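Everything below concerns the one structure shown next.
All of these numbers come straight from a predicted model, not from anything done at the bench.
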Amino acid sequence: MTKTIVQKEGTNWAIGIVGDTKREVERRYFYFWNNKATDGELFWLKDEAAPFVAYFWTDKNRLKESLKNAS
């Protein structure tokens with residue numbers, strides 16, 4: 001299971017993903033990628049042991065549209 005965290009930095013938002021496995025985090029990231037929330041890179045903060053933590057950058061409009069497209 002993954003947990004998603006939103007950190008607002010002005011008009012840019014960092015979306016953090018925390019998961020039990022590296023694969024879970026990557027799959028959640030590709031969910032956002034495929035729904036056009038980002039076209040950027042996934043940055044790993046912790047990738048050697050659980051919990052695995054990574055983030056990517058987006059903005060409010062792209063995040064909202066991606067969630068709407070996915071539903």
Side-chain contact test, heavy atoms from C-beta onward, threshold under 4.5 Å: evaluate it for Ile15 versus Tyr29 and give yes or no.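 They are not in contact (no side-chain heavy atoms under 4.5 Å apart), so the answer is no.
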Is any side-chain heavy atom of Glu26 less than 4.5 Å from a side-chain heavy atom of Thr21? no
Can you confirm if the NZ or CZ of Arg28 lies within 45° of the ring axis of Tyr31 and under 6.0 Å from the centre of its six-membered ring? yes
So that I can tick it off, tell me whether Glu65 and Lys68 are bridged by a salt bridge, with the cut-off set at under 4.0 angstrom between side-chain N and carboxylate O.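 Salt bridge between Lys68 and Glu65, a charged N being under 4.0 Å from a carboxylate O: yes.
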Enter the distance from [X]:[atom1] to [Y]:[atom2] here, rounded to the nearest 0.5 Å.
X: Lys36; Y: Leu63; atom1: NZ; atom2: CG; answer: 15.0 Å
X: Thr11; Y: Lys60; atom1: OG1; atom2: NZ; answer: 11.5 Å
X: Lys64; Y: Thr58; atom1: NZ; atom2: OG1; answer: 12.5 Å
X: Thr38; Y: Asn35; atom1: OG1; atom2: CG; answer: 12.0 Å
X: Lys8; Y: Trp13; atom1: NZ; atom2: CH2; answer: 4.5 Å
X: Arg27; Y: Asn34; atom1: CZ; atom2: CG; answer: 11.0 Å

Could you tell me whether a side-chain N or O of [X] sits under 3.5 Å from a main-chain N or O of [Y], the two making a donor and an acceptor?
X: Asp59; Y: Asn61; value: yes
X: Thr2; Y: Gly19; value: no
X: Lys46; Y: Ala50; value: yes
X: Glu24; Y: Met1; value: yes

Parallel, tilted or perpendicular: rings of Tyr55 and Trp57 (30°, 60°):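 If you compare the ring of Trp57 with that of Tyr55, the planes turn out perpendicular.
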Do Phe32 and Phe56 have ring centroids that are under 6.0 Å from one another?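 Here the rings of Phe32 and Phe56 have centres that are less than 6.0 Å from each other.
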Please evaluate residues Lys22 and Trp44 with respect to the criterion side-chain contact (heavy atoms from CB on, under 4.5 Å), reporting the C-alpha separation (whole Å), side-chain torsions for both, the decisive distance (0.1 Å), and the verdict. CA-CA 10 Å; Lys22 196 170 182 178; Trp44 288 96; 3.4 Å; yes
Please check if Phe43 and Trp33 belong to a single hydrophobic cluster, counting links between Ile, Leu, Val, Met, Phe, Trp and Tyr side chain heavy atoms closer than 4.5 Å. no
Do the side chains of Leu42 and Leu45 join up, straight or via other hydrophobic residues, at under 4.5 Å, putting them in one cluster?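 Different clusters.
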For Val18 and Ile5: C-alpha separation, side-chain torsions, deciding distance, then whether side-chain contact (heavy atoms from CB on, under 4.5 Å) applies. CA-CA 8 Å; Val18 181; Ile5 303 163; 3.9 Å; yes
